[in-house]
Amino acid sequence: MQHIVVIGNGMVGHKFCDLFSRHPRRGEFRLSVFGEEGRPAYDRVHLSAYFTDRDADKLTLAPRAWYAEHGMELRTGERVTAIDTGQRRLQTARGESYPYDYLVLATGSAPFVPPVPGCDREGVFVYRTIEDLDAILDYAERIRHRTGARCAVMGGGLLGLEAAKATLDMGLATDVIEFAPRLMPRQLDDEGGATLRGSLEKLGLSVHLSRSTTAIGGNGCISHLEFADGSRLDADMLIISAGIRPRDELARAAGIEVGPRGGILADAHMRTSAADVFVIGEAALYREMIYGLVAPGYEMARVALGTIMADADCGCMPDAIDLSTKLKLIGTDVASFGDCFPETGTARSITFHDEAAGVYKRINISPDGKRLLGGILVGDAADYNMLHQIYRNGMALPPQPEDLILGARGGGGDAGAGVLDLPDAAVICSCENITKGRLCGALDAGEADSVKGLVACTGAGTGCGGCKPILSDLVDNYMKARGKVVRNTICEHFDYTRQELRDLVVLKGIGSYDAALDELGRGGGCEVCKPVLAGIFATVTAETANPQAVIQDTNDRFLANIQRNGTYSVVPRVPGGEITPEKLIAIGAVAKKYRLYTKITGGQRIDLFGARLDQLPPIWEELIAAGFESGHAYGKSLRTVKSCVGSTWCRYGMDDSVSFAIEIEERYKGLRSPHKLKGGVSGCIRECAEARGKDFGLIAVEEGYNLYVCGNGGARPRHAELLAGPVDRQTAVRYLDRFLMFYLRTAGPLVRTAKWLEGLEGGIAYLRSVVVDDALGLADELEREMQGLVEGYRCEWREAVETPELRARFRPFVNTEETEELEFVPLREQQMPKPW
Amino acid sequence: MTAYHTILPEQVTTWVRAGRTTQFPVGAGATIKVGDRQIAVFYFHRTDRWYACQNLCPHKLENVLGRGLTGEQDGVPKVACPLHKRTFSLETGANLNGDCPPLAVYPVTIRDGEVFVGIDD
Ligand code: SRM
Ligand SMILES: Cc1cc2nc3c(=O)[nH]c(=O)nc-3n(C[C@H](O)[C@H](O)[C@H](O)COP(=O)(O)OP(=O)(O)OC[C@H]3O[C@@H](n4cnc5c(N)ncnc54)[C@H](O)[C@@H]3O)c2cc1C
Ligand code: SF4
Ligand code: FES
């Protein structure tokens, strides 16, 4: 049996193993992988996600057990130190020696650290491995509390900007230093670079261009940077992201040919100068280039494996490698594809520039106007997937090619509709090399009917994930074109959408989860359908989370948000953010008694963190005695109605926004919905209550209130849109009743109002016709139902503490009176859970 | 984590009394303490079966699994961790939607309305 040895267990080395594990003739070979890093290969492309949760598991491409299950030997933490191409053996740092028949070098690259004096100071980092990120996080934690702590990032390229956004998000003031006169010099032209700079500066990054760093100053650890022009910049830490250098040291020492500026020389089959030695990924020099992207690396793995296996249809590397990229995670859209800066005379460029909005688009088309050669998108890359496909597939351009970038100006463009026009050979997922033909084949054969299904059966979208939007367009358009309705059914136990399920619950008068499962579902239920039905019962009968506690999502079951160490938070309702000194004192007294960490929330109220499960009932008993009610901060339900101070005090106020906010919060408190609901009321268009950032917002104007709906902050911020106005308070409430009830009835689980509106055919105009013009004749019914829910309100915390059977669930252990022992560490004058 | 390992029915040396059946929620779990260990005990009323596993979630090492939602996936009874919704089989302890190490699971038996969990110490 022949033995293939792979050196390097990074993304491309792993892809090689993955392809091998699925190869029909894998049985004729043995495969071993050596990796220098201590853990199995992980997703470097999404490395920055590690900053949010420090969860290395999430990045793992395949667990250790996967290699064993597929008969591959994985040796991590074992560096290969020498190769003898004559004897076909290699040696590892542990001094052991192994034979090979075929050798695949997948050693990747290392960050390039320019030889600047001081680059070995403490506080200077590179950005490539999980260990690098750990070191950065730990150091950032140490310096974060210094006043004015700053982080500098050397390099304004793709990676540098990603690192800079990450440190900015960590709360450090961040400077980006770029040697070239513009950001992302390799992907953007001057105007694109300038537009990007403007957007990044708005996010809070400071950008310094044309700076050449001459020294990293400091005493032990870094304190500043010095530049060739004599200027300097204070920095408490530095991340160097100045390019990559292929790791060719092993090959070089073994006498394998490398390029003059590094990189292991490869032919079109990824063969090196040594017999049966291949190179793939960032270590390879192919056509005088190193490719710092996964897609070309994956292609190399495919070609090298095909060559080793002598596959009949084994192709070779294409002459031109597609270097198109869409940037992620930097807070603004950036993408470039194809030839971004063609030589003058070889192309015609069309640009669109909206300085105020920070949008710049450029497309380069052939002089005869027939083909798209490449382009740049900054600030709005919604059209990237389509343009990229048109470019890759050499598709014919419309008579007015400018439509390609101007079409979406009004935001109403339909960039996705064209996906069905793509030829079958169009590669949709370039990481996995999956064509539209293959995807449609899977849909035709009924192997899949959703994006999730397509991902599962074809592997598309499992690489960088950049093709997900186009996959979802493909599924939607494909289904629509075949007259199939896309149904988002709940889970394996209920073959209905939330709306269907709710209708059936009402129609059949079903009152419990078990009855629903018996009559409408199958199997034993799960953590998905239980909370969905709990929510449905709440919107039908105003049921609180108490009677069927065990089907509630876990936060609702204990009427509190669970925290890092299994403690809970307590958030009493403070309608409109108005609170008396007496009530403030009462909250303070409770917090002091139970040693709760106290913080003002972003929702104008007070959160008390760190309560043990058993402490929740006594805490709430005391709060209820002081006149408080549940704030439902744990539920998918109405949170807060934020208000500004309004005309009671403010010299600009058009109305008493606080009173109105309180009235509305009191009306809808306890209302449980498909996702959380937030409202806002501002006294004038200065909008201090950020009402347009909420699911519903009211802004006082001369003649009454303008009512806005379907906005939110969060991960995908969206401003609410005008539904009606100006209207008087009473009308506003009636419209709100109708709007909310319509949403409660029709939205899918965990779909917030903004996303719901996106999916509503006809959009805001349709919603207005239902709510304001009563086009469906539902208005009275909706108002009646809402009135029923409003009247059905009870404070569920009061219910829970006053009923002994309900209270029993807060006991931590069934078999002893002991309480939980939890570890806290001091934080300023309070305490917090011991970090993970 | 080292304090927890799966016990098969034939390995049980001690049956720890967990409480009366009526002290456990129907269709969900509750927690008991056995020395320094915490064990989550679940009652699946639709199949009338009891399960027990370590209360410690292997993901972030928090003692929370007993408060998770229960369910079934392709016929396998499972619990979803309340912190990040990792789900675990209550039959084998395996992580069903990720690559966390498996949970230790314990045999449960009911005698005269009392719930007992089997351990080997
Ligand atoms: C406490 C608070 C932060 C603070 O210290 O200020 C907070 C804390 C949490 N937020 Fe928030 N959010 C808080 C205001 C906000 C705001 C600001 C606001 O309401 O004006 C936003 C953006 C506005 C918005 O919602 O559109 C906000 C957007 C989110 C999101 C993203 C929602 C989205 O649609 O994208 C989540 C995640 C989710 O709900 O799925 C979230 C979820 C959470 C959770 C519940 C996460 C969790 O499951 O543990 C946090 C738990 C808090 C706890 O244990 O009590 N929180 N969260 C704020 C509580 C407000 C309150 O009084 O109830
Ligand atoms: C933060 C970040 C973001 C990125 N974003 C993108 C993106 O959005 N899109 C994109 O296409 N690409 C992106 N990339 C680039 C992408 O990650 C790389 O192209 C890809 O990881 C290259 O894979 P590789 O296997 O060639 O190298 P690596 O993933 O670096 O793997 C090489 C492995 O070989 C090991 N090794 C080296 N020498 C030896 C030896 N002698 N013995 C044993 N083991 C050895 C190394 O330790 C390493 O684990 C990003 C990279 C980073 C760091
Ligand atoms: S929104 Fe208007 S009323 Fe409210 S505080 Fe601002 S200026 Fe004053
Ligand atoms: S702690 Fe259990 S899933 Fe994260």
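Here is how names work: the chains are called A, B, and so on, in the same order as the sequence lines, proteins then strands, and each is numbered from 1.
- Interface residue L613(A): only side-chain heavy atoms are found under 4.5 Å from chain B.
- Salt-bridge annotation for R86(B) and E527(A): absent, with no side-chain N of the basic residue lying under 4.0 Å from a carboxylate O of the acidic one.
- Contact of N55(B) with chain A is not made at all, since no heavy-atom distance falls under 4.5 Å.
- A heavy-atom distance below 4.5 Å is found between the side chains of D518(A) and R46(B).
- R17(B) touches chain A through its backbone: at least one of N, CA, C or O sits under 4.5 Å from a heavy atom, while the side chain does not.
- With a threshold of 4.5 angstrom between heavy atoms, T87(B) approaches chain A through side-chain atoms but not through N, CA, C or O.
- For the residue pair I562(A) and P82(B), the shortest heavy atom distance occurs at CG2-O, 4.0 Å.
- Atom NZ of K530(A) and atom OG1 of T70(B) lie 3.0 Å apart (nearest 0.5 Å).
- At a 4.5 Å heavy-atom cutoff, Y513(A) makes no contact with chain B through either its backbone or its side chain.
- In this structure, chain B has a heavy atom under 4.5 Å from the side chain of E818(A), while its backbone stays farther away.
- Residue with the most contacts toward chain A among V64(B), L69(B), I39(B), V79(B): L69(B) (heavy-atom pairs, distance under 4.5 Å).
- With hydrogens and angles disregarded, no donor-acceptor distance shorter than 3.5 Å links the side chain of E492(A) to the backbone of Q73(B).
- Heavy atoms of other residues, nucleotides or ligands lying less than 6.0 angstrom from CD of E10(B) number more than 12.
- Of the possible polar contacts, one joining the H493(A) side chain to the E72(B) backbone as a donor-acceptor pair under 3.5 Å is found.
- Highest contact tally toward chain A, considering only G66(B), A18(B), A30(B), is held by A18(B) [criterion: heavy-atom pairs under 4.5 Å].
- Residue F44(B) does not touch chain A at all, counting heavy-atom pairs closer than 4.5 Å.
- Taking each heavy atom of T816(A) and K33(B) in turn, the nearest pair found is CG2-CB, 3.8 Å.
- For D36(B), the CG atom sits in a loose shell: 12 or fewer heavy atoms of surrounding residues, nucleotides or ligands are nearer than 6.0 Å.
- By the 4.5 Å heavy-atom criterion applied to side chains, I32(B) and F813(A) are not counted as neighbours.
- Only the backbone of V26(B) comes within less than 4.5 Å of a heavy atom in chain A; its side chain stays farther off.
- More than 12 heavy atoms of other residues, nucleotides or ligands lie within 6.0 Å of CZ in R64(A), so this atom counts as buried by the packing criterion.
- Side-chain atoms of N63(B) never come within 3.5 Å of backbone atoms of G566(A) as a donor-acceptor pair (strictly under, hydrogens ignored).
- At a 4.5 Å heavy-atom cutoff, the contact between R54(A) and chain B is made by backbone atoms alone.
- Looking at H45(B) and D514(A), their side chains do bring a donor and an acceptor atom within 3.5 Å of each other.
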Test side chain to side chain donor-acceptor pair (under 3.5 Å) applied to H59(B) and D55(A), step by step: CA-CA 9 Å; H59(B) 179 221; D55(A) 187 347; 3.0 Å; yes
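- P25(B) is listed as a side-chain neighbour of R557(A), based on a closest heavy-atom distance under 4.5 Å.
- We find the CG-CG distance between L61(B) and N565(A) to be 13.0 Å, quoted to the nearest 0.5 Å.
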Audit row: T554(A), K85(B), side chain to side chain donor-acceptor pair (under 3.5 Å) steps and yes/no: CA-CA 10 Å; T554(A) 36; K85(B) 293 268 156 83; 4.8 Å; no
